[in-house]
Amino acid sequence: PSWSHLDEPVQLVVAGRAGERVQSAAKLLATAGAAAGLRASLRTDNPVTQGRGFSLAELTLSPRHVRWTGLEQPELAIVTAPEGLAQLAPRGLLTGPGAARRVLLDESLEAPADAVVEREPLRKRYGPQAAALGAVVQSVHASGWLDPPAWQAALATLPEAIASSSRRVLEKAGVEA
């Protein structure tokens, strides 16, 4: 099926707090992208201490083979917690020539002074455990990259309890699931 509207590759990075399902959100997007007929490349990073520190996911979605998985200038950076912000700022993903074209921050975070960001109440709207997924879904939906059936196919790969809670987040983000 062709549930995608991408003609060119897009890259995004999601950064937040370990244990708050940042990597799960990126994996669900990668699965939805694959269901839409795209190629997906996902790299994740977090400290060895589970549930503490940062969590980071870098994702490329492409209608063609992904030959290089490094971030050049991501289309989108999503930051849901201070731990994620502390990882992205030194990597030049918030300011400078390699900065993401669009940066979405939870309203509670302070970005570098020269960063151009959008602030939204992600943690309040979706809750800490679902802020990353909610932000990913609302951003991808607003960008028109994927149609709802791609998300529905991705949800079908999850255990029912997780699919059910994820479905509620998708619906809150404006995607009929």
Side-chain angles (χ1 to χ4, degrees), residues 1-46 50-51 54-71 74-81 84 100-102 104-106 118 120-177:
S2 181
W3 297 323
S4 166
H5 303 282
L6 290 179
D7 295 325
E8 296 294 325
V10 293
Q11 296 183 312
L12 62 127
V13 59
V14 184
R17 182 176 292 141
E20 292 188 353
R21 304 190 68 210
V22 168
Q23 295 177 12
S24 297
K27 287 176 187 173
L28 190 64
L29 175 55
T31 303
L38 297 172
R39 307 284 177 104
S41 172
L42 176 63
R43 294 186 335 167
T44 61
D45 189 14
N46 60 288
Q50 293 297 313
F54 72 92
S55 183
L56 184 69
E58 300 173 353
L59 178 66
T60 301
L61 293 175
S62 176
R64 297 180 296 282
H65 183 73
V66 178
R67 298 198 190 301
W68 187 65
T69 60
L71 291 179
E75 187 67 33
L76 174 65
I78 295 171
V79 187
T80 61
R101 290 176 180 89
R102 179 174 173 232
L104 178 60
L105 260 59
D106 182 74
E118 299 170 31
E120 291 198 28
L122 302 170
R123 296 176 73 80
K124 286 181 186 173
R125 182 179 300 144
Y126 301 109
Q129 295 295 312
L133 179 58
V136 165
V137 172
Q138 78 177 36
S139 297
V140 168
H141 182 63
S143 298
W145 296 344
L146 299 177
D147 290 336
W151 291 107
Q152 294 163 2
L155 290 175
T157 68
L158 299 174
E160 183 49 42
I162 296 171
S164 178
S165 64
S166 298
R167 189 172 292 108
R168 287 191 296 275
V169 174
L170 266 70
E171 289 170 354
K172 191 178 275 192
V175 175
E176 188 177 322

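Since the model is a prediction, treat every value here as computed from it, not as a measurement.
- Closest of all the heavy-atom pairs between Leu61 and Gly33 is CD2-CA, 4.1 Å.
- Here the CG atom belonging to Leu122 is positioned 8.0 Å from the OG atom belonging to Ser139, to the nearest 0.5 angstrom.
- For Ser166, there are no side-chain hydrogen bond (donor to acceptor under 3.5 Å, both in side chains) partners at least two apart in sequence or on another chain.
- Between Gly84 and Phe54 the shortest heavy-atom distance is N-CB, 4.5 Å.
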Derivation of the side-chain contact (heavy atoms from CB on, under 4.5 Å) call for Leu28 and Val137
CA-CA 10 Å; Leu28 190 64; Val137 172; 5.8 Å; no
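- Rounded to the nearest 0.5 Å, atoms CD (Glu58) and CZ (Arg43) are 4.5 Å apart.
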I'd like a table of donor-acceptor pairs (distance under 3.5 Å, sequence neighbours excluded) in which one partner is a side-chain atom from residues 168-177, with atom names and distances.
| residue | atom | partner | partner atom | Å |
| --- | --- | --- | --- | --- |
| Arg168 | NH1 | Ser164 | OG | 3.1 |
| Lys172 | NZ | Arg125 | O | 3.1 |

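- A salt bridge (charged side-chain N to carboxylate O under 4.0 Å, His left out) check over residues 2-11, counting only residues at least two apart or in different chains, returns the pairs Glu8-Arg64.
- Of all the heavy atoms in Val13 and Pro74, the pair that sits closest is CG1-CG, 4.5 Å.
- Panel note: side chain Asp106, backbone Ala81; no donor-acceptor pair is recorded below 3.5 Å.
- In this structure, CD on Gln11 lies 8.5 Å from OG on Ser41, to the nearest 0.5 angstrom.
- Evaluation of the salt bridge (charged side-chain N to carboxylate O under 4.0 Å, His left out) test over residues 139-160, restricted to residues two or more places apart or in two chains, returns Glu160-Arg167.
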Please determine whether side-chain contact (heavy atoms from CB on, under 4.5 Å) holds for the pair Val140 and Trp151, giving the CA-CA distance in whole Å, both sets of side-chain angles, and the decisive distance to 0.1 Å.
CA-CA 11 Å; Val140 168; Trp151 291 107; 4.0 Å; yes
N/O donor to acceptor pairs below 3.5 angstrom from side-chain atoms of residues 18-27, sequence neighbours left out:
| residue | atom | partner | partner atom | Å |
| --- | --- | --- | --- | --- |
| Glu20 | OE1 | Arg123 | NH1 | 2.6 |
| Glu20 | OE1 | Arg123 | NH2 | 3.4 |
| Glu20 | OE2 | Arg17 | NH1 | 3.2 |
| Glu20 | OE2 | Arg123 | NH2 | 3.0 |
| Gln23 | NE2 | Asp45 | O | 3.2 |
| Gln23 | NE2 | Asn46 | OD1 | 3.1 |
| Gln23 | NE2 | Ser55 | OG | 3.3 |

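- Proximity of Ile78 to Val136: side-chain heavy atoms (C-beta onward) are separated by under 4.5 Å at one or more points.
- For the atom pair Leu146 CG and Leu6 CG, the distance stands at 6.5 Å (nearest 0.5 Å).
- The nearest pair of heavy atoms linking Leu71 to Leu12 is CD2-O, 4.3 Å.
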Starting from the C-alpha separation in whole Å, work towards a yes-or-no answer on side-chain contact (heavy atoms from CB on, under 4.5 Å) for Leu29 and Leu42.
CA-CA 10 Å; Leu29 175 55; Leu42 176 63; over 6 Å; no
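- Nearest heavy atoms, Ser62 versus Pro9: OG-CG, 3.5 Å.
- Note that CD of Gln129 and OG1 of Thr80 are 10.0 Å apart. Values are rounded to the nearest 0.5 Å.
- The salt bridge (charged side-chain N to carboxylate O under 4.0 Å, His left out) search around Arg101 returns Glu75, not counting sequence neighbours.
- Here the closest heavy-atom approach between residue Ala36 and residue Ala150 is recorded as CB-CB, 3.9 Å.
- A distance of 11.5 Å separates OG1 of Thr60 from CG of Leu38, quoted to the nearest 0.5 Å.
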